[in-house]
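The structure under discussion appears below in the form of structure tokens.
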Amino acid sequence: MRKEITRLKKIIKNSNKIVVFSGAGLSTESGIPTYRGAGGLWTKYDPSIYANINYFQQDPSYYWRFFQEIRYPMIKKAKPNNAHLALVQLEKQGKIYRVITQNIDGLHQLAGQSHVIELHGNTRRFFCMNCSKNYSMDDAYSLLKKLFPPRCVCGGILRPDTVFFGEPLKSSELERAVHSAKKCDLFLVVGSSLVVTPAAELPIVAKRYNAKLAIVNIDPTPLDEIADILINEKASKVLSEIIEKTNS
Ligand code: NAD
């Protein structure tokens, strides 16, 4: 692995247009669990009830209880970890072109990252399903204590600005992500199982357009075979080492 980290460092040194593609694994060290796998949120909360747009439209109370009891306290407590911070350092070195994230936790931006493409939205933002008025997560939480489920001044029900199951990705974000994958010289996957499409097709697009592909993920992914560099270790450890080495 040490050899692979040194190789990745060299590739990063020679790259000027890196696209980082992050997934839930990047935020586990900030106390936000993945959805799938042991300890994942979906092992306790059925996504067809808690994260499906049709269910939400029929009965939003499940989502809002989940938000009140689980999501809000978890997101309020979470802080960017060393992996998020290392990516900001790479940006300061002029290496990063775009960060494409599947995460909805907003931790890249909280760490200070610019140019973040959020494929699945952001759970810190809410809007009214009737008039589209925007609300912050804290506003939504305060409203919730007075009115369950929370409603806008116009009477419409609030929803998170995230992509529910049963909804397409925002086409503008997906187009920006595909464009970035075509433009980059290194596509760096961090903490993603690469099983959720269409997001997981982006590394293939990048390879087709001659970028190198590096994967930093604890578990195997279906794209390991086409990766130029594969590191099965924790994101914070690998990225912190890369930063130390590129600084030296
Ligand atoms: P996933 O749960 O499918 O896979 C996460 C991967 O991260 C796993 O393969 C695991 O081996 C790896 N991993 C766990 N801890 C790691 C660490 N410390 N370092 C490196 N790798 C680590 O997640 P995904 O690929 O992002 O799947 C996509 C879905 O998960 C998306 O829909 C996304 O919106 C959602 N999601 C987001 C959040 C968040 O906002 N933080 C949390 C959970 C799930």
Side-chain angles (χ1 to χ4, degrees), residues 21-24 26-28 30-36 40-80 99-111 113 115-177 192-193 195-200:
F21 181 70
S22 66
L26 185 70
S27 295
T28 52
S30 295
I32 302 178
T34 58
Y35 284 139
R36 298 168 194 80
L41 278 177
W42 295 155
T43 59
K44 295 183 202 124
Y45 300 92
D46 181 350
S48 64
I49 295 176
Y50 291 92
N52 184 288
I53 188 61
N54 296 322
Y55 207 97
F56 182 83
Q57 280 166 341
Q58 275 170 38
D59 183 358
S61 68
Y62 284 86
Y63 167 81
W64 279 107
R65 214 167 300 283
F66 171 75
F67 172 77
Q68 188 169 29
E69 291 169 9
I70 308 291
R71 177 80 84 206
Y72 182 80
M74 183 191 283
I75 295 287
K76 277 302 270 186
K77 219 168 63 187
K79 299 220 164 24
V99 171
I100 305 171
T101 188
Q102 299 169 91
N103 295 345
I104 58 172
D105 54 35
L107 288 178
H108 281 298
Q109 293 93 326
L110 212 61
Q113 196 88 49
H115 309 303
V116 181
I117 300 171
E118 295 178 317
L119 285 180
H120 297 151
N122 190 320
T123 195
R124 294 172 193 262
R125 297 190 300 258
F126 287 79
F127 65 92
C128 168
M129 288 176 86
N130 181 46
C131 72
S132 303
K133 181 175 161 53
N134 294 318
Y135 288 82
S136 70
M137 183 173 72
D138 287 332
D139 288 344
Y141 188 72
S142 306
L143 274 173
L144 182 62
K145 290 206 229 145
K146 296 177 209 140
L147 192 62
F148 187 94
R151 286 178 185 272
C152 177
V153 279
C154 80
I157 289 185
L158 300 197
R159 61 159 286 174
D161 190 3
T162 55
V163 179
F164 278 97
F165 286 111
E167 290 186 304
L169 301 192
K170 273 189 197 156
S171 57
S172 57
E173 295 306 280
L174 187 57
E175 275 163 26
R176 286 176 67 212
S192 176
S193 60
V195 292
V196 181
T197 54

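Everything numeric in this text was worked out from a predicted model, so none of it was measured.
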Side chain to side chain contact (heavy atoms under 4.5 Å, CB included) between Ser22 and His108: does it pass, once the steps are laid out?
CA-CA 10 Å; Ser22 66; His108 281 298; 2.8 Å; yes
Does the structure place the NZ or CZ of Lys145 under 6.0 Å from the centre of the six-membered ring of Tyr141, at an angle of no more than 45° from the ring's axis? no
Using 0.5 Å steps for rounding, measure from the [atom1] atom of [X] to the [atom2] atom of [Y].
X	Y	atom1	atom2	answer
Gln102	Ser192	CD	OG	4.0 Å
Tyr50	Phe66	OH	CZ	8.5 Å
Asp105	Thr162	CG	OG1	12.0 Å
Thr34	Trp42	OG1	CH2	11.0 Å

Closest contact, heavy atoms only, [X] versus [Y]:
X	Y	result
Asn103	Leu26	ND2-CB, 4.2 Å
Tyr55	Ile49	CD2-O, 3.5 Å
Leu144	Phe67	CD2-CD2, 3.7 Å
Pro60	Ile157	CG-CD1, 4.0 Å
Pro73	Ile70	CD-O, 3.4 Å
Cys131	Cys128	N-SG, 3.2 Å

Problem set entry | side chain to side chain contact (heavy atoms under 4.5 Å, CB included) assessment of Arg71 paired with Met137 | CA-CA 10 Å; Arg71 177 80 84 206; Met137 183 173 72; 5.8 Å; no
Taking the side chain from [X] and the backbone from [Y], do they hold a donor-acceptor pair closer than 3.5 Å?
X	Y	value
His120	Val163	no
Asp161	Phe126	no
Ser30	Lys79	yes

Self-check item: Neighbour count >12 (heavy atoms, 6.0 Å) for atom OH, Tyr62
Solution: no
Please determine, by modelled atom types, if Asp59 and Ser61 share a side-chain donor-acceptor pair under 3.5 angstrom. yes
pair [X]-[Y]: side-chain heavy atoms closer than 4.5 Å:
X	Y	value
Gln113	Thr101	no
Asn134	Arg125	no
Arg151	Asn130	no
Cys152	Tyr135	yes
Gln57	Met129	yes
Phe56	Trp64	yes
Met74	Leu41	yes
Leu107	Arg124	yes

* Asked: Between Asp138 and Ser136, is a side-chain hydrogen bond (donor to acceptor under 3.5 Å, both in side chains) present by the stated rule, with each step listed?
  -> CA-CA 5 Å; Asp138 287 332; Ser136 70; 5.3 Å; no
Problem - Electrostatic pair Glu167-Arg159, nearest N-O below 4.0 angstrom - result: yes
